[in-house]
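Working notes, beginning with the structure itself.
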Amino acid sequence: MKFTLEHTDASSRARAGRMTTDHGEILTPIFMPVGTAASVKGIFHRDLKEDARAQIILANTYHLYLRPGMEVIEQAGGVHRFSTWDRPMLTDSGGFQVFSLAERRKLSDEGCRFSSHIDGSRHLFTPESVIDTERTIGADIMMAFDECPDGRAERDYAAKSLELTHRWLGRCFEQYARTQPKYGHSQSLFPIVQGCTYPDLRARSAEFVQQFGADGYAIGGLAVGEPAEVMYSMIEIVNDILPTDRPRYLMGVGTPINILEGIARGVDMFDCVMPTRNGRNGMLFTMNGVINIRNEKWRTDFSPIDPEGTSFVDTLYSKAYLRHLNIAGEMLAAQIASLHNVAFYLDLVSRARNHIFAGDFTQWKEQMVVRLSQRL
RNA sequence: GGGAGAAUUCCAGAGUGGCCAAAUGGGACAGACUGUAAAUCUGCUGGCAACGCCUUCGGUGGUUCGAAUCCAUCUUCUCCCA
């Protein structure tokens, strides 16, 4: 994978770049829709590509490992062929599940023993086994196996956790070096910077991860309970240290405003379940703020969902109709809202990229933050 | 024509003397959601000057310190027999 930095904003740390993978190019800054089980919930690949213009999507190692299992993925010829998504993909390592399914796991130096959320069966993830699994899945970008502590973790815990993540990281890269891609396209491995909300730990982690000379670097463990301002300052600390000629990926973030603030601080890649999950739950993101489509005020509002939206659903359907579908529990409501939101996120980062080139990113961002924080 | 039963807060439906402004569902309304155990979860749903007070359980009138609950009567509905 190659990354070309095309332009750096004069009044912020924002960057525009281009990533080249064996499955195509990615223009940064970019938002990556989350497709945990090799499916962006509720959206056809056709619409993801042609309507929302998604350039890369995520899948999750933990979920695919449990179901359908590696035997199926391998026989299918990897996740691209299995899912028919022929553009770049990234797999998260399962590190986040070690955090979000905390009651079901036991951490040790060796790895993480956990019981499946599906059937309770017991499993062991180690840095080595996760790399093997990610090789079998076959995404263009693989994430290192890390521990993602709570954003409010005590310093002692955060420091110990960071040491564990760093030890695991070394083992991930050793296994990465020992193994080969299985499906004829190359795979990059991104390390993940941790360190909770402690500036010195973050700085230490950002220094540490560089020894691997990776194709890109991720910032993990943010937007997990800490205030947004703290998250922003952690991003600043880390991005001051990470190399400028590699993409930086802020994992799991976030709201549209979080993303703009991340871009302003030099982040190139984002992913978040928010557009799809919140969409299923009736929340629509627009350039003028968020809409709760379930609210009574939309009951007889027959205006388009989002006149400024880029998706075909935005002008085809009315707010009143979408509200009706959502309240009636129709699955089409989830599909429309998910597609709208994903298209919105991608439009937002695309506009950000344009403003970076145009040189007015900061001004534009400040205006957008005000608009985006409204509730309609 | 005769007999039996039922009427509860938006709906369904508990409650059969005080712990009842009234269980539970549903609906309505509002909120949450950040590397997806989420098409999920939470709150709220008589009124008010609101840690208390007022009005409410088909209508009216009683019994009782106290009634959604007991009695009388009226109204409406359902079922059974002709």
Side-chain angles (χ1 to χ4, degrees), chain A residues 31-43 56-64 66-67 89-105 114-121 130 134 139 141-151 165 190-194 218-228 231-232 249-259 261-262 267 269-285 290 292-299 323 325-338 341 345 375:
Chain A
F31 176 77
M32 308 182 282
V34 177
T36 304
S39 152
V40 177
K41 295 185 192 301
I43 308 182
I56 171 173
I57 63 173
L58 260 68
N60 192 293
T61 302
Y62 167 87
H63 297 264
L64 294 177
L66 289 178
R67 187 167 60 192
M89 283 188 87
L90 179 152
T91 37
D92 186 27
S93 62
F96 186 72
Q97 280 62 47
V98 172
F99 160 66
S100 64
L101 304 174
E103 323 79 62
R104 312 177 70 92
R105 52 80 163 160
F114 62 91
S115 58
S116 159
H117 72 276
I118 298 166
D119 63 2
S121 55
V130 165
E134 293 193 270
I141 299 171
M142 311 189 289
M143 300 308 300
F145 188 52
D146 65 336
E147 194 208 345
C148 175
D150 189 278
T165 287
F190 283 19
I192 302 171
V193 172
Q194 288 288 352
I219 307 170
L222 292 176
V224 282
E226 82 288 355
M231 170 169 78
Y232 298 149
Y249 163 28
L250 178 58
M251 304 186 75
V253 175
T255 66
I257 290 173
N258 291 161
I259 287 174
E261 296 295 356
V267 176
M269 304 161 70
F270 302 85
D271 80 281
C272 191
V273 303
M274 204 172 265
T276 43
R277 180 190 287 167
N278 289 30
R280 288 196 300 280
N281 295 330
M283 184 170 178
L284 304 179
F285 295 92
V290 297
N292 182 345
I293 200 64
R294 289 193 298 237
N295 286 173
E296 188 173 27
K297 66 211 266 190
W298 311 117
R299 194 168 66 89
R323 170 183 145 87
L325 293 177
N326 180 289
I327 286 175
E330 288 293 324
M331 63 173 113
L332 184 58
Q335 295 177 269
I336 292 171
S338 297
N341 281 343
Y345 267 65
R375 292 190 74 99

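Sequence lines set the chain letters: A, B, ... in the order given, protein chains first and strands last, and positions in each chain run from 1.
- If you check every strand for non-hydrogen atoms under 4.0 Å, A:Asn295 touches sugar and phosphate atoms only.
- A close approach under 4.0 Å does occur between a side-chain nitrogen or oxygen of A:Asn292 and OP1 or OP2 of B:G31.
- When Watson-Crick and G-U wobble pairs are counted only if both distances are under 3.5 Å, B:A39 pairs with no nucleotide at all.
- If you take CZ of A:Arg294 and C1' of B:G43, they are 12 Å apart, rounded to a whole angstrom.
- For the pair A:Arg323 CZ and B:A30 P, the interatomic distance rounds to 7 Å; values are reported in whole Å.
- The separation between A:Ile327 atom CD1 and B:C29 atom C1' is 9 Å, rounded to whole Å.
- A:Leu284 contributes atom CG, which lies 8.5 Å from atom CG of A:Asn292 (distance to the nearest 0.5 angstrom).
- Rounded to a whole angstrom, the distance from the C1' atom of B:C48 to that of B:U56 is 15 Å.
- Separating the CG atom in A:Asn60 from the CD atom in A:Gln97 is a distance of 4.0 Å, to the nearest 0.5 Å.
- A:Lys41 has its NZ atom 6 Å from the P atom of B:A39, to the nearest Å.
- Note that OG of A:Ser338 and CE of A:Met331 are 13.0 Å apart. Values are rounded to the nearest 0.5 Å.
- Distance CZ/A:Arg323 to CD1/A:Ile293: 8.5 Å, rounded to 0.5 Å.
- Taking 3.5 Å as the limit, the base of B:G35 and the side chain of A:Asp146 contain a donor-acceptor pair of atoms between them.
- The separation of B:A12 from B:U60, taken at their C1' atoms, amounts to 28 Å, rounded to a whole angstrom.
- The base-pairing partner of B:G5, taking Watson-Crick or G-U wobble contacts with both distances under 3.5 Å, is B:C77.
- When Watson-Crick and G-U wobble pairs are counted only if both distances are under 3.5 Å, B:U56 pairs with no nucleotide at all.
- Looking at heavy-atom distances under 4.0 Å, A:Glu330 makes no contact with the nucleic acid at all.
- B:U36 atom C1' lies 15 Å from atom CE of A:Met32, rounded to whole Å.
- In this structure, B:A49 forms no base pair with any nucleotide, since neither Watson-Crick nor G-U wobble geometry is met with both distances under 3.5 Å.
- Nucleotides B:G66 and B:G18 have their C1' atoms positioned 6 Å apart, rounded to a whole Å.
- As a whole-Å value, the separation of A:Arg277 CZ from B:A37 C1' is 10 Å.
- Checking side-chain atoms of A:Ser93 against main-chain N and O of A:Ala144 turns up a donor-acceptor pair under 3.5 Å.
- Counting only heavy atoms from C-beta on, A:Met331 has its side chain closest to B:A39 among B:G31, B:A37, B:A39.
- Looking at A:Ile118 and A:Arg67, their side chains come closer than 4.5 Å, going by heavy atoms from C-beta outward.
- Applying the 3.5 Å distance criterion, the base of B:U36 shares a donor-acceptor pair with the side chain of A:Thr276.
- Taking only side-chain nitrogens and oxygens, A:Asn60 comes nearer than 4.0 Å to OP1 or OP2 of B:U36.
- The CE-C1' distance, from A:Met143 to B:G35, rounds to 8 Å in whole Å.
- Across all strands shown, B:A23 remains unpaired; no Watson-Crick or G-U wobble contact has both distances below 3.5 Å.
- A:Gly95 comes within 4.0 angstrom of nothing in the nucleic acid, heavy atoms only.
- Across all strands shown, B:C65 is found opposite B:G18 as a Watson-Crick or G-U wobble partner, with both distances under 3.5 Å.
- In this structure, A:Asn258 reaches the bases: a heavy-atom distance under 4.0 Å links it to at least one base atom across the strands shown.
- B:U34 atom P lies 6 Å from atom CE of A:Met274, rounded to whole Å.
- Taking atom C1' on both B:U9 and B:A28, the two are 14 Å apart, rounded to the nearest angstrom.
- Contact annotation for A:Leu58: backbone-only contact, meaning every heavy-atom pair under 4.0 Å involves sugar-phosphate atoms and none involves a base.
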